[in-house]
Amino acid sequence: MFDFLKIAVEEIVKENFQQNIDANSIQINATPVDYTGDCTIVVFPFTKFSKLNPEATGNFFGEKLKAKNANIESYNVVKGFLNIVFSNNFWLNEFVTAKNNAAFGQSPTTNRKVMVEYSSPNTNKPLHLGHVRNILLGHSISEILKACGNEVIKSTLVNDRGIHICKSMLAWQKFGNGETPASSGLKGDHLVGKYYVEFDKQFKIENLKLKESGWSDEEVAKKNPMMMEAQQMLLDWEAGKPEVIELWKMMNSWVYEGFDTSYKMLGVTFDKTYYESNTYLLGKTAVAEGLQQGVFVQDEDKSVWIDLTLDGLDRKVLQRKDGTSVYITQDIGTAQLKYDDYEMDESIYVVGNEQDYHFKVLQLILKKLGKIYADGVYHLSYGMVELPNGKMKSREGTVVDADELMAEMMASAKSTTEELGKVEGLNDEEKEKLFYTVGMGALKYFLLKVDPKKKMLFNPAESIDFHGHTGPFIQYTHARICSILRKNILVRKPLADCVAAYVMNEAEKKLVQQILQFPTKILEAGKEHNPAHLANYAYALAKEFNSFYAVHSVLKANTEAEIQFRLHLVEMVATVIKKAMHLLGIEVPEKM
RNA sequence: GCCCUCUUAGCUCAGUGGAUAGAGCAUCCCCCUCCUAAGGGGAGGGUCGCAGGUUCAACUCCUGCAGAGGGCGCCA
């Protein structure tokens, strides 16, 4: 937001020292609280050509800047730091511009198209906490990129085929007794997940029996009848055997119904769904293309490879000797399909960091194939969600189930809200809506406030708090402001009238400054693909407001001018909080 | 063995190469006759893993070391 200062500094350097500097290299920060100033220019780098000491350099630039820009009221220099104070009117004008702009925060269109792929679940088990982090990140970054002026396509790639799917199908066939979501009351994805676990259980029992009957470990691993049945089922599926396809369709439809419920609860949607059952053969085209270009090589056993050792990576197989394609080859094909469908400028994959190497390889291969979209591939890599005793492991039953977690968050929101006596005057529907909003707000904020790149810890015992640096704290701030606006009895004056001769106090000015940072924060979050920047911003703004609120009354301010101005000010705080939280996929209540 | 990532207060996390490294939780103290106390104010708590280097300036960049995690399959 201080770009105009940077340009001014650039001009001063040019006019006085005949040097060209890059305006973007000029460092301007918010002035630390202990010093006087609205922003601070670091002048150390200018001493090179000013031939003056830092202090004198600061004064020189301060004087020149003040002469150039009427909005600068004063300046002071401490060591190599030039602190600038802007006039009251400057801030008021900025505030008016922001508040009158209904789309404040929204950048003009970039004419860029971005696809964000996220969630991308397997259809053999329900969603867990790791998926939740993925989904919230994907949704949030999509909204942020829209706000940055991009056209965004939200997509997901459903892993609906493969041996793991056959395992749950087989177990259901053997032990299910025709159980359906309708007959059991179980959510579809949980029902299918149950049989995936059942397969593993029975498989282990069978292995033990086989060992007891004298089979070697190797024989057991290779020839376990259940595993062989599952493998046969996969072959049958690929061959399109009707009864297998029918079973597959039925069980997948249960899972999708379950996922839809979870997605709805999470408040996320997709514009485009890709199914691996439709894309898994696309790799073959890619292989043919690569061979023709000489980028890939075929070994004597007919397997196809790419040698990336000169790029510091490995030799990688792309097609098995039996002619079937592997994971990465499917991804090459899918990347092409996505591009053919949308011709996007950037293609973001929200995928865990255990696949960092995979995406490095994928992008490199696409480059070697000469794909123009290769540079647009971006792996939004996020860290695992860990429990106090380490990673979540489905086999050890330590996964935190997404549906259960959401239900617990809402129950927790309910009991806390009731304890605080905040439900008075709400009907049942409003109450449920509030518990949902607060519970989900707490969960979402908890997962989005940390840098995606970093692994994070989730402690079920301590659960998620509603105090301090949390979603509900920010939601509460919004509700407080709404309460003020509801209780106001004055006829509101237009903002322009309110600022005409108004002089802000320090607390008001700080709030205005905080508000004005919003657009910059969105761009930063978009550029770095990091919603945490916005989460932390929303918290800083809410905190600033609460400090203000504790000391200054809005409705009982000393003069009507103060009341009128503050009404506009806090209204804007509420608006920005709401917008920022929306970009995180979090709703804010008007009462709580 | 090779490659990648991480290491900041008791715990969980912030911190575009710039001033005395910040929050929340937890602990202790204070603040509801006053717009919602899911709030505000204050106290204590730090060798920014360790050692070098680059720089006017390093938690931030580079190198080495240690610890933790992840990846190196004709699995996905």
Side-chain angles (χ1 to χ4, degrees), chain A residues 24 27-29 31-32 34-35 40 42-45 47-48 53-54 78-81 83 122 159 161-164 276 280 299 301-305 312-314 316-328 330-331 352-358 360 381 383-384 386 390-391 413 416-417 419-422 438 442 446 449-451 453-459 462 465-477 479-488 524 528 532-533 535-536 539-540 542-543 545-557 563 566 570 591-592:
Chain A
N24 291 319
Q27 294 178 60
I28 302 183
N29 316 313
T31 304
D34 307 329
Y35 298 87
T40 299
V42 183
V43 299
F44 289 104
T47 55
K48 280 194 198 103
N53 64 40
V78 181
K79 290 187 271 180
F81 302 98
N83 302 315
N122 292 347
N159 188 326
R161 63 163 287 280
I163 190 71
H164 49 294
E276 217 177 275
Y280 83 106
D299 278 7
D301 65 1
K302 297 288 183 198
S303 59
V304 177
W305 298 75
L313 305 176
D314 298 324
K316 194 95 188 160
V317 70
L318 297 166
Q319 190 174 84
R320 300 183 187 102
K321 58 190 169 196
D322 65 6
T324 56
S325 68
V326 296
Y327 179 47
I328 194 154
Q330 292 172 35
D331 271 358
N353 65 8
E354 75 272 16
Q355 294 196 35
D356 284 356
Y357 183 77
H358 171 80
K360 216 172 175 178
S381 164
M384 297 292 104
E386 290 180 3
K391 261 184 93 169
T416 306
T417 306
E419 265 171 45
L420 291 169
K422 305 263 185 173
V438 173
F446 181 85
K449 77 170 171 182
V450 298
D451 186 334
K453 289 193 291 294
K454 298 193 177 174
K455 67 176 183 336
M456 66 181 298
L457 185 82
F458 175 74
N459 190 338
E462 289 174 12
D465 210 347
F466 294 161
H467 302 269
H469 189 180
T470 65
F473 168 86
I474 300 167
Q475 292 174 319
Y476 175 68
T477 307
R480 273 182 142 181
I481 296 172
C482 290
S483 172
I484 295 171
L485 296 173
R486 267 196 309 274
K487 289 192 173 162
N488 169 54
E524 196 179 300
E528 293 177 28
H533 286 307
N536 288 317
Y539 173 68
K543 203 170 150 55
F545 170 79
N546 281 308
S547 299
F548 170 86
Y549 179 90
V551 187
H552 303 285
S553 181
V554 175
L555 299 179
K556 289 178 182 156
I563 300 176
R566 287 179 185 173
V570 302
K591 289 181 190 173
M592 70 180 275

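We name chains A, B, ... by the order of the sequence lines, and we start the count at 1 in each one.
Residue A/Thr417 is classed as a base contact, given a heavy-atom separation below 4.0 Å to a base. Using a 4.0 Å heavy-atom distance criterion, A/Ser553 is classed as a base contact. A/Leu420 comes within 4.0 angstrom of a nucleotide base, judged by non-hydrogen atoms across all strands. A/Phe473 comes within 4.0 angstrom of the backbone, heavy atoms only, and of no base. A/Lys422 comes within 4.0 angstrom of a nucleotide base, judged by non-hydrogen atoms across all strands. Within 4.0 Å (heavy atoms only), A/His533 reaches sugar-phosphate atoms of the nucleic acid but no base atom. At a threshold of 4.0 angstrom between heavy atoms, the contacts of A/Ile563 with the nucleic acid are absent.
A/Tyr357 and A/Asp314 are linked by a side-chain donor-acceptor pair at a separation below 3.5 angstrom, with hydrogens and angles left out of the test.
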Reading nucleotides 68-76 of chain B from 5' to 3' and marking B where a protein heavy atom lies under 4.0 Å of the base, S where only the sugar-phosphate is that close, and - otherwise, the string is --SSS-BSB
Strictly under 4.0 angstrom, non-hydrogen atoms only: write out the protein contact profile of nucleotides 17-24 of chain B, one letter per nucleotide from the 5' end, B, S or -.
SBBB--SS
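Between A/Asp451 atom CG and B/U60 atom C1' the separation is 14 Å, expressed in whole Å. Computed from coordinates, the A/Asn459 CG to B/C11 P distance equals 14 Å when rounded to whole Å. B/C34 atom P lies 11 Å from atom NZ of A/Lys487, rounded to whole Å. For the pair A/Lys48 NZ and B/A57 P, the computed distance is 12 Å after rounding to whole Å. Taking atom NZ of residue A/Lys591 and atom P of nucleotide B/A38, one finds them 16 Å apart after rounding to whole Å. Residue A/Phe466 contributes atom CZ, which lies 19 Å from atom P of B/A37 at whole-angstrom precision. At whole-Å resolution of the value, CZ in A/Phe545 and P in B/C35 are 13 Å apart.
Dashed line: the shortest gap from a side-chain N or O of A/Thr47 to OP1 or OP2 of B/C56 is not under 4.0 Å. Here A/Lys454 reaches the OP1 or OP2 of B/A14: one of its side-chain N or O atoms lies under 4.0 Å away.
Nearest nucleotide to the side chain of A/Asp356, out of B/A37, B/C34, B/C4: B/C4. Listed candidates were B/A14, B/A37, B/A38. Nearest to the side chain of A/Arg480 is B/A37.
Remark: B/U27 base-pairs with B/A43. Criterion, Watson-Crick or G-U wobble with two distances under 3.5 Å. Shown here, B/C56 forms a base pair with B/G18; the pair counts as Watson-Crick or G-U wobble because both key distances fall under 3.5 Å.
Ion pairing between A/Asp322 and A/Arg320 fails under the 4.0 Å rule for side-chain N and carboxylate O.
Between the OH atom of A/Tyr327 and the CG atom of A/Asn159 there is a distance of 8.0 Å, given to the nearest 0.5 Å. With values rounded to the nearest 0.5 angstrom, A/Asn122 atom CG is found 4.0 Å from A/His164 atom NE2. Rounding to the nearest 0.5 Å places CZ of A/Phe545 at 7.0 Å from OG1 of A/Thr477.
Taking the nucleotide of RNA chain B with the nearest heavy atom to each of A/Ala532 and A/His552, the more 5' of the two is matched to A/Ala532. Map A/Asn546 and A/Glu524 each onto its nearest nucleotide of RNA chain B; the residue landing nearer the 5' end is A/Glu524.
Base orientation of B/C72: anti, the glycosidic angle falling outside 90° of 0.
By the 30° and 60° cut-offs, the orientation of the rings of A/Phe458 relative to A/Phe446 is perpendicular. Using cut-offs of 30° and 60° on the angle between ring planes, the pair A/Tyr539 and A/His469 is parallel.
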